[in-house]
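Heavy-atom basis, side chains included; hydrogens, waters and symmetry copies ignored. Proteins get letters first, then strands, A, B, ... in listed order; numbering begins at 1 in each.
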Amino acid sequence: MSKILITSALPYINGVKHLGNLAGSMLPADVYARAMRLMGHEVLYICATDEHGTPAELAAQAAEVEVAAYCEQMHEAQKAAGEQFKLSYDYFGRSSAPSNHALTQHFAHVLEEKGLIEERVSQQVYSNADGRFLPDRYVEGTCPNCEFEKARGDQCDNCGKLLDPIDLIDPYSAVSGSKDVEVRDTNHLYLKQSVLSDDLRKWVNASEGWPPLASSIALKWLDEGLRDRSITRDLSWGIPVTNKDGSIRKGFEGKVFYVWFDAPIEYIAATQDWAAENKTEWESWWRTDKGADDVQYVQFMGKDNVAFHTLSFPTTIIGSGEPWKLVDQLKAFNWVTWYGGKFSTSEKRGVFMDQALDIAPSDYWRWHLIANAPESSDAAFTWEEFQASVNSDLANVLGNFVNRITKYAAGKFDGKVPAGGENGEAEDWLVKELETRIPQLISYYEAREFRKAMAETRAIWAAGNEYLTQAAPWTHYKTDVDQAAVGVRAGLNLVVLFGILAQPIIPDAAEKILAAMNIPEGNRTWNFGGAESIAQLIDALPVGLEIGAPDVLFTKIEDSDIEAWTERFGGGQ
RNA sequence: GGUGAGGUAGCUCAGCUGGUUAGAGCGCAGGACUCAUAAUCCUGAGGUCGUGAGUUCAAGUCUCACUCUCACUACCA
């Protein structure tokens, strides 16, 4: 048993997330957390809402509420959506929490003492009408390259050229449309990442268990040469830039830390809040001088987040010179696309977490999204594939297996695990299958290879159906009830096994199965020691145990459902 | 523009350091069974591995060029 710390990239506050965000970090992190818990590890799974930055302020403004109130409201909405998706966070925090304010300010002080922070002046566009500085992409104007009239300050969407907002012709605020904009000097704190390049490279090179996607992105940035990054912004909502005594730093009135500086620190601050709430300590998870050397820390994120997790945040950690825990393994995902294109709220393409639950139970989404996780490349979501996953894998292969054997046992064997008979060829075959497949499944989970783990899970369910075909208790029943009892007994044991294995993926259905089979909580873990214990799996239930037949576990998705959903949320073409 | 990832059956994807007839699931066709959610089980058809060249006894796998998709490109997060 070991201690495993799991974090998933913090979902941004400005609205409930779509299925791509779910599939790209929170859901796989949850499946991994659940699997590791079942294997007996001590797991801490931390997530939080990422609440600072310009989009949060603008979203609040659009909703005509105070930013703090807006974030409060959206945090609750995201928390609720996560709970409904059965995301088993140990703690779901907020980057705006007091603990994160304190810790972020602490890191800034320490980094400055180490000479890694300095003040510099830069030019930034200021909108008089909006009364605020505008990030590059919130300035629009005519592209100096192709004369496209709605080019953004960072890049022109028409010709693709990278731009500087100062180069735009006739610039205007994307927030208000006002042309009353000007360039002003503004001072900010810069984190001298360049100083730590060599340390970071050594650390990246020494890393193990990162997907190529992650290490290649990190090395690419290092090869190009790390530039110092500004870690403050001209905003009012965020973490104030303070002196050690808590007073506002001179010249930083109306400025706060950059959201990407404080967001990863929230992983630690949220752990502190978790500890406070649970009256325990947090340091053994994060301080290598307090036991965190024994922790395996795994981060889950989308590919757009890799640079921040492999370079910026490690710069904060390493640069502090304090004994903080660095990430050990990270899992980076590509995107889930909508029929190969982008999710788009404005064009009515794609499904958000709250809407998803209106139309199908969370188990359906969890299974489909994790079985088709965008691990090695972008993965397309289509209604047709979703329907196929649910109907074929869940309803036909798993649901029908549970149904056929429990109903048969209820009808012919009084709803009890029957005695009698002896294992034969079919049982030998089944045991062999399980002996190879279960260890394989476990190693896929340990390697965080989710698609493969799901394919293996499905193969195990299918082996159950194949076994019943071989054992054919309904045929034997006519001539030899004891022989039929063997098949029913093994079949019922398989139902339990399938329920146990399904827990990380489809927790609701797993619960229904295990409850119907009268399996107590304590007997639902993954204690599959060696080959002997796997052989015992098909005859583990006490003879005479009363079992029930659960209601239909998965209702099929009809073609008419697909039509209605395509109408509502968009689809192909 | 630069960098990275990807382009493999109708669809969604596996294929590690190059090695005999390129794999899975879905879908499709045929058969078996009847305990079950018209479910399940078996068999089969289906691919010039983005394009072109090169290295090699041997290339989906290595090299080069080209092409398409996606991401990042440091003030969106």
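Pairs engaging residues 378-395 of chain A under the salt bridge (charged side-chain N to carboxylate O under 4.0 Å, His left out) rule: Lys303(A)-Asp378(A), Asp393(A)-Arg458(A) [sequence neighbours left out].
Side-chain contact check for Thr49(A) and Glu51(A): at least one donor-acceptor pair (N or O, by modelled atom type) lies under 3.5 Å.
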- Contact pattern, 5' to 3', of nucleotides 67-77 of chain B - B, S or - by protein heavy atom under 4.0 Å: ---SSBBBBBB
- nucleotides 27-37 of chain B: protein proximity per nucleotide (B base, S sugar-phosphate only, - neither; heavy atom, under 4.0 Å): ------SSBBB
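Rounded to a whole angstrom, the distance from the P atom of C49(B) to that of A59(B) is 12 Å. A distance of about 25 Å separates the P atoms of G1(B) and C62(B), rounded to the whole Å. The same atom, C1', is picked in G15(B) and in C57(B); the two are 24 Å apart, to the nearest Å. To the nearest whole angstrom, the two C1' atoms, one in G47(B) and one in G60(B), are 11 Å apart. Here, C16(B) and U63(B) have their P atoms 14 Å apart, quoted to the whole Å. Rounded to whole Å, the separation between the C1' atoms of G18(B) and G54(B) comes to 15 Å. Across A74(B) and G2(B), the matching C1' atoms stand 14 Å from one another, rounded to whole Å. Separating the C1' atom of C41(B) from that of A36(B) is a span of 13 Å, rounded to the nearest Å.
Enclosure of atom CD in Glu119(A) by more than 12 non-hydrogen atoms of other residues, nucleotides or ligands within 6.0 angstrom is indicated.
Using a 4.0 Å heavy-atom cutoff across all strands shown, Ala472(A) reaches no nucleic acid atom at all. Heavy atoms of Ala459(A) sit nowhere under 4.0 angstrom from any nucleic acid atom.
Mapping Lys161(A) and Glu385(A) onto RNA chain B by nearest heavy atom places Lys161(A) closer to the 5' end of the strand.
Atom pair Ile460(A):CD1 and A24(B):P shows a separation of 18 Å (rounding to whole Å applied). For the pair Leu219(A) CG and A5(B) P, the computed distance is 11 Å after rounding to whole Å. As a whole-Å value, the separation of Glu466(A) CD from U43(B) C1' is 13 Å. Here the P atom of nucleotide A39(B) and the CH2 atom of Trp461(A) are 18 Å apart, to the nearest Å. We find that CD of Glu449(A) is positioned 12 Å from P of C16(B), with the value rounded to whole Å. The distance from atom CG of Leu369(A) to atom C1' of C13(B) is 15 Å, rounded to the nearest whole Å. Distance Phe381(A) CZ to C11(B) C1': 14 Å, rounded to the nearest Å. Distance Asn334(A) CG to C13(B) P: 10 Å, rounded to the nearest Å.
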- Base-pair string, RNA chain B, Watson-Crick plus G-U, cut-off 3.5 Å on both distances, | for inter-strand, is (((((((..((((.....[...)))).(((((.......))))).....(((((..]....))))))))))))....
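Once rounded to the nearest 0.5 Å, the distance linking CD of Gln78(A) with CD1 of Ile13(A) reads 5.5 Å. Gln440(A) contributes atom CD, which lies 11.0 Å from atom OG1 of Thr457(A) (distance to the nearest 0.5 angstrom). One distance of note links NZ of Lys556(A) with OH of Tyr364(A); it measures 11.0 Å at 0.5 Å rounding. Considering CD of Gln470(A) and CG of Asp428(A), their distance stands at 10.5 Å, rounded to 0.5 Å. Put simply, CD1 on Ile405(A) and CG on Asn400(A) are 11.0 Å apart, with the number rounded to the nearest 0.5 Å.
Remark: Arg437(A) engages Glu433(A), Glu456(A) in a salt bridge (charged side-chain N to carboxylate O under 4.0 Å, His left out) (not counting sequence neighbours). In terms of the side-chain hydrogen bond (donor to acceptor under 3.5 Å, both in side chains) criterion, residue partners of Arg137(A) (sequence neighbours excluded) are, by chain and number, Asp154(A).
Under the ring pair (Phe, Tyr, Trp, His ring centres under 6.0 Å) rule, Trp367(A) has a single partner from Phe386(A), Phe450(A), Trp461(A), which is Trp461(A).
In this model, the phosphate group of G25(B) is not approached by any side-chain N or O of Arg451(A) to a distance below 4.0 Å at OP1 or OP2.
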- Would you sort out whether Glu57(A) and Leu235(A) count as a side chain to side chain contact (heavy atoms under 4.5 Å, CB included), showing the intermediate values? CA-CA 9 Å; Glu57(A) 287 196 349; Leu235(A) 289 173; 3.4 Å; yes
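The cationic group of Lys192(A) does not satisfy the cation-pi geometry with Tyr190(A), failing either the under 6.0 Å distance to the six-membered ring centre or the 45° limit from the ring axis.
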